[in-house]
> 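Below you'll find the structure I mean.
Along the sequence shown, residues are numbered consecutively beginning with 1. What you are looking at is a predicted structure, and each value in this text was computed from that prediction instead of being measured. Values below: all heavy atoms of this structure, side chains included; hydrogens, waters and symmetry mates excluded.
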Amino acid sequence: MKAGKNMKIVGITGGTGTGKTTVLNYLKTLDAHVIDCDAVYHRLLKENKQLLADLEAAFGGVVKDGELDRKALGAVVFSDEKALQQLNEITHHYISEDVESQLERERAAGRNICAIDAIGLLEGGLKDRCDFTVGIVAPTELRVSRLMAREGITEEYARLRIDAQKPNEYFIENCDYTLENSNNNLSEFNEKCAALFAGLL
């Protein structure tokens, strides 16, 4: 279901460390409401016991003392493409339901712009809810350094996370528009955001 004429739904996607937060912060200056699908996922892990049950049934040993062991899950899915696909299928179902509820609330409240932030936006069915999608891409080395600094993880683990995600080319080919974050120049990247969205919103 796409937005009514009074609300634009923008899909923002791209790999971890590409700079999606900068784009979303720009959209917030336009009074956009942002739905962070990663935050939705983590909230559902606490609230939805059926999601945890589905993850444990699929991967075995990843739920301990009623909570998801993210490292145990990561050890399974980061090295197995089929397992990662299965994880996405499970989580996308629950996330999509929650996002749809949020969109309806924002639409009823008269919101003009709503942005959906999701790495799995394209393959998870959320693209159909958007008026247009924007893929954020960045060089791998820049993404690695950002992940290490932001999350305090090792270079090896950062590369494993990035390698488990879709490459830049996937977002370039499958999104309606692309924003390239080629360096650490925040001012320059904000200018790119302004130029793109000025013609779309």
Side-chain angles (χ1 to χ4, degrees), residues 1-42 84 88 91-92 95-107 109-147 150 161-201:
M1 180 187 299
K2 290 193 176 180
K5 62 181 180 180
N6 294 324
M7 186 173 81
K8 289 285 188 182
I9 300 178
V10 184
I12 303 297
T13 189
T16 301
T18 54
K20 294 191 299 297
T21 298
T22 300
V23 178
L24 294 166
N25 285 339
Y26 175 80
L27 288 171
K28 287 178 182 178
T29 68
L30 305 179
D31 198 32
H33 174 72
V34 174
I35 299 175
D36 180 347
C37 289
D38 192 46
V40 169
Y41 173 55
H42 292 297
L84 181 61
N88 288 336
T91 58
H92 288 161
I95 291 171
S96 292
E97 285 187 346
D98 192 277
V99 167
E100 187 60 43
S101 295
Q102 291 193 54
L103 289 175
E104 288 302 322
R105 288 196 296 271
E106 296 304 319
R107 185 181 289 109
R111 180 76 62 176
N112 291 320
I113 306 170
C114 197
I116 301 174
D117 167 27
I119 290 179
L121 180 90
L122 302 174
E123 61 268 41
L126 292 172
K127 181 178 182 179
D128 293 339
R129 291 163 167 78
C130 301
D131 290 287
F132 60 88
T133 57
V134 180
I136 318 303
V137 299
T140 297
E141 295 308 313
L142 186 58
R143 294 174 63 191
V144 169
S145 62
R146 283 177 180 159
L147 270 180
R150 187 178 75 192
R161 285 185 57 179
I162 290 171
D163 289 343
Q165 296 173 2
K166 302 289 186 183
N168 283 340
E169 290 75 19
Y170 174 81
F171 299 105
I172 293 171
E173 293 173 3
N174 292 283
C175 289
D176 298 311
Y177 304 94
T178 305
L179 277 170
E180 183 178 1
N181 191 5
S182 55
N183 53 49
N184 275 319
N185 191 322
L186 181 61
S187 177
E188 179 182 307
F189 191 49
N190 272 320
E191 289 178 3
K192 290 182 179 180
C193 292
L196 175 66
F197 291 113
L200 298 173
L201 299 172

> I need the Asp131 CG to Ile9 CD1 distance, nearest 0.5 Å.
6.0 Å
> Let me check something: any side-chain donor-acceptor pairs from residues 186-201 under 3.5 Å, sequence neighbours excluded? List them with distances.
{"from": "Asn190", "atom 1": "ND2", "to": "Leu186", "atom 2": "O", "distance (Å)": "3.4"}
{"from": "Lys192", "atom 1": "NZ", "to": "Glu180", "atom 2": "O", "distance (Å)": "2.8"}

> What pairs with Thr133 under side-chain hydrogen bond (donor to acceptor under 3.5 Å, both in side chains), at least two apart in sequence or on another chain?
Asp176
> State, yes or no, whether a side-chain contact exists between Val134 and Cys175 at a heavy-atom distance under 4.5 Å.
no
> Quick one: list whatever passes side-chain hydrogen bond (donor to acceptor under 3.5 Å, both in side chains) with Asp98, sequence neighbours left out.
Arg43, Gln102
> Is there a side-chain contact between Ser101 and Arg105 (heavy atoms, below 4.5 Å)?
yes
> Quick one, Arg146 and Asn181 - any side-chain contact, counting heavy atoms below 4.5 Å?
yes
> Mind checking side-chain hydrogen bond (donor to acceptor under 3.5 Å, both in side chains) for Tyr41 and listing every partner two or more places apart, or none if nothing turns up?
none
> Quick one: side chain to side chain contact (heavy atoms under 4.5 Å, CB included) partners of Ser145, sequence neighbours excluded?
Leu142
> How long is the span from the CD1 atom in Ile119 to the OG1 atom in Thr13, to the nearest 0.5 Å?
7.0 Å
> So how far is it from Lys127 NZ to Ile116 CD1, rounded to the nearest 0.5 Å?
13.0 Å
> I'd like to check the salt bridge (Lys or Arg N to Asp or Glu O under 4.0 Å) partners of Arg111; sequence neighbours left out, ordered by chain and number.
Asp31, Glu106
> Which heavy atom of Ala138 sits nearest to which heavy atom of Asn168, and what is that distance?
O-ND2, 3.0 Å
> Roughly how far, to the nearest 0.5 Å, is the OG1 atom of Thr140 from the CD1 atom of Ile162?
6.0 Å
> Side-chain donor-acceptor pairs under 3.5 Å in residues 15-22, sequence neighbours left out?
{"from": "Thr16", "atom 1": "OG1", "to": "Gln165", "atom 2": "NE2", "distance (Å)": "2.7"}
{"from": "Thr18", "atom 1": "OG1", "to": "Gly15", "atom 2": "O", "distance (Å)": "2.8"}
{"from": "Lys20", "atom 1": "NZ", "to": "Gly14", "atom 2": "O", "distance (Å)": "3.1"}
{"from": "Lys20", "atom 1": "NZ", "to": "Gly15", "atom 2": "O", "distance (Å)": "3.2"}

> Which pairs with one or both residues in residues 113-145 pass ring pair (Phe, Tyr, Trp, His ring centres under 6.0 Å), sequence neighbours excluded?
Phe132-Tyr177
> Checking Asn112 side chain against Lys8 main chain: does a donor-acceptor pair fall under 3.5 Å?
no
> Residues in side chain to side chain contact (heavy atoms under 4.5 Å, CB included) with Glu141, at least two apart?
Arg159
> Among residues two or more places apart or on two chains, list those pairs meeting ring pair (Phe, Tyr, Trp, His ring centres under 6.0 Å) that have a residue in residues 9-34.
none
> Measure the CG-CG distance between Leu122 and Asn174 for me, rounded to the nearest 0.5 Å.
6.0 Å
> Any non-hydrogen side-chain atom of Leu24 less than 4.5 Å from a side-chain atom of Ile12?
yes
> To the closest 0.5 Å, what do you measure between CD (Glu100) and CG (Leu126)?
9.0 Å
> For Asn25, check side-chain hydrogen bond (donor to acceptor under 3.5 Å, both in side chains) against everything at least two apart and list the hits.
none
